[in-house]
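Sequence positions, counted from 1, serve as the residue numbers for this chain.
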Amino acid sequence: MEKEEQEVYDESIKQDTFLENMNSILSVKTDYERREYDYEWIDIIDETLPYIDNILRNPKRFIVNEEEVVQVEKSKKVTVESIIHLTQHTNYIQKIEDNGDVKPSKILNINKEESLDTYENRFVYTLINNTRTFFEKRKKETGDFSYFKDKKELKFEANTIIDTEEVDVSLNISSRNEAKLEGKTTSSEESIADRLKRIKVQLDGFTMSELMQTLSKLHVPAVRSPIRKTNVILKNPNFQKAEALWNYIQAYEEKDRNENEHKDYYDEGKLKESYNQAFLSLYIANKMLNHETTPATEEKLLSQTMSRLIENILDSNYEITEQEIKDLFNKQLKLIKTANEEKKRKIKKILLDKLEEEKHNFIKQWAILEENDIC
């Protein structure tokens with residue numbers, strides 16, 4: 001066996017001994033949380049608000065006749081209904097004059113007033129109240145945006161003995177990744193937070209309308225499903241949209257995506273094995289500080305690292321061919337070179353842009369000097 005081959009063989013034996021004598025612990029803690037909310041309900045409410053606004057601006061009314069028998073001197077207006085009522089209640093006739101005039105003591109008084117207390121208006125009144133309740137509940141549950149959080153904590157401790165040398169390592173790695181997720185809505189101009197604010201302002205404004213204020217004071221009963229199919233609700237486009245929103249809220253099913261994963265364990269698998277190999281790689285690099293032996297050359301360190309890497313590949317897939325290993329290295333080498341070239345290209349562009357900017361500023365300043373005859 002040649003000297004170089006013997007050195008590689010001896011080094012391989014030492015590395016195997018390094019791993020065989022190793023005692024290592026890898027503790028892992030992970031916390032993953034993902035909240036991806038369905039904001040379709042914002043689109044549905046937002047789309048219906050203009051139609052509800054149309055209804056509130058021109059609410060349906062009907063005439064209410066309030067009948068009351070009063071003293072004749074308190075009667076404001078005598079109508080045909082008043083005369084008919086008097087003929088049916090002759091006991092209210094106080095006196096009949098010689099010329100035939102009738103003098104009643106009491107008479108029916110009819111007050112005609114407009115009322116907003118219709119079924120259709122009570123439907124809209126209930127819909128707005130239900131929409132406000134639904135809106136506040138969904139807003140509280142979803143907030144202004146979807147998000148995810150990903151937190152990892154790893155602690156690796158290991159020690160080993162190779163020949164007479166004792167080696168220890170302690171490594172802590174923690175990472176935290178948090179980000180907002182873009183909500184899926186039909187509007188691309190406003191953020192979800194802005195839309196929620198605008199919708200709330202509109203709903204609050206609806207409660208101050210004449211219809212809502214009047215029916216609130218009358219303490220009208222809430223409308224319940226199924227909605228009565230009156231001509232107005234069936235044929236009026238504004239009420240058709242209002243009923244669609246009613247049905248959506250009544251049948252709403254939550255489509256939010258909530259994921260949670262919490263782990264706290266000691267790894268005994270591939271991850272720990274990778275950290276063991278990393279410890280070995282660090283030890284090999286650390287041998288450059290060894291004053292008792294000739295410092296390892298860059299080429300030798302690279303050779304040892306490649307040797308260990310190939311051994312790891314063979315351990316995981318013993319049937320892999322030499323050509324497949326070459327193809328794998330060539331593929332990765334190409335990817336890394338491409339990435340490096342892209343980095344160089346970006347750096348070059350930044351430098352050229354900076355030089356162009358400086359050149360432009362210089363020409364501008366020189367022109368100012370020439371204008372002032374300083375040159």
Side-chain angles (χ1 to χ4, degrees), residues 7-36 147-179 181 257-293 295-321 324-325 327-329 331-333 335-336 339-340:
E7 287 180 355
V8 171
Y9 177 76
D10 292 342
E11 189 61 37
S12 178
I13 294 297
K14 285 185 178 182
Q15 292 176 9
D16 289 338
T17 303
F18 183 96
L19 293 172
E20 289 171 2
N21 293 338
M22 184 185 299
N23 294 312
S24 62
I25 295 176
L26 177 63
S27 64
V28 180
K29 291 182 180 180
T30 63
D31 286 291
Y32 178 78
E33 182 181 4
R34 185 183 184 91
R35 295 287 183 269
E36 195 167 352
Y147 67 91
F148 79 88
K149 298 178 181 179
D150 190 10
K151 182 180 179 182
K152 300 184 184 74
E153 293 183 7
L154 294 92
K155 185 175 183 180
F156 178 71
E157 293 181 335
N159 61 76
T160 187
I161 298 176
I162 182 166
D163 294 333
T164 59
E165 184 178 7
E166 296 182 3
V167 188
D168 297 277
V169 69
S170 179
L171 179 66
N172 290 286
I173 299 177
S174 63
S175 66
R176 185 178 185 88
N177 187 11
E178 296 184 16
L181 299 174
R257 178 185 172 189
N258 299 326
E259 296 180 10
N260 284 287
E261 186 179 78
H262 305 284
K263 293 182 178 180
D264 188 353
Y265 64 98
Y266 289 97
D267 187 86
E268 295 293 340
K270 292 284 186 180
L271 185 61
K272 180 182 176 181
E273 184 178 330
S274 297
Y275 273 84
N276 289 344
Q277 293 290 340
F279 181 23
L280 174 58
S281 298
L282 289 173
Y283 171 74
I284 293 173
N286 195 50
K287 288 176 68 175
M288 295 182 68
L289 302 176
N290 193 341
H291 298 290
E292 297 179 0
T293 59
T297 64
E298 182 178 348
E299 182 180 353
K300 187 174 182 180
L301 287 173
L302 181 60
S303 175
Q304 292 175 1
T305 302
M306 292 291 289
S307 175
R308 175 51 58 180
L309 184 58
I310 292 171
E311 285 184 22
N312 291 337
I313 293 174
L314 292 174
D315 288 342
S316 61
N317 183 7
Y318 187 74
E319 296 181 356
I320 191 170
T321 65
E324 287 174 334
I325 293 176
D327 291 342
L328 181 62
F329 274 94
K331 181 180 178 181
Q332 292 301 316
L333 184 62
L335 290 173
I336 293 171
N340 286 338

Should we say atom [atom1] of [X] is surrounded by more than 12 heavy atoms from elsewhere, each under 6.0 Å from it?
X      : atom1 : value
Glu178 : CD    : yes
Tyr265 : OH    : yes
Lys272 : NZ    : yes

Interatomic spacing from [atom1] in [X] to [atom2] in [Y] - rounded to 0.5 Å:
X      : Y      : atom1 : atom2 : value
Arg176 : Lys152 : CZ    : NZ    : 12.0 Å
Lys149 : Asn177 : NZ    : CG    : 12.0 Å
Asp150 : Asp31  : CG    : CG    : 9.0 Å

Run the salt bridge (Lys or Arg N to Asp or Glu O under 4.0 Å) test on Lys155 and Glu157 for me, step by step, so that the C-alpha distance in whole Å, both residues' side-chain angles and the decisive distance to 0.1 Å come before the verdict. CA-CA 7 Å; Lys155 185 175 183 180; Glu157 293 181 335; 3.7 Å; yes
Answer yes or no: is there a side-chain heavy-atom contact under 4.5 Å between [X] and [Y]?
X      : Y      : result
Leu19  : Gln277 : yes
Asn260 : Tyr32  : no
Leu271 : Leu26  : yes
Asn276 : Phe156 : yes
Glu273 : Tyr275 : no

Evaluate the side-chain contact (heavy atoms from CB on, under 4.5 Å) criterion for residues Arg257 and Arg34: first the C-alpha distance (whole Å), next the side-chain angles of each, then the deciding distance (0.1 Å), finally the verdict. CA-CA 8 Å; Arg257 178 185 172 189; Arg34 185 183 184 91; 3.7 Å; yes
Consider only side-chain N and O atoms of Glu36 and Tyr147, and report whether a donor and an acceptor are under 3.5 Å apart.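 There is no such pair between these side chains.
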Hydrogens and angles aside, do Tyr283 and Glu165 bring a side-chain donor and acceptor to less than 3.5 Å of each other?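 Note: Tyr283 and Glu165 side chains meet the donor-acceptor criterion.
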Whether Thr17 side chain and Ile162 backbone form a donor-acceptor pair below 3.5 Å: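 Not a single qualifying donor-acceptor pair exists.
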Is the side chain of Asn21 donor-acceptor paired with the backbone N or O of Ile161 at a distance under 3.5 Å, no angle test? yes
side-chain contact (heavy atoms from CB on, under 4.5 Å) assessment of Leu181 paired with Phe148: CA-CA 7 Å; Leu181 299 174; Phe148 79 88; 3.8 Å; yes
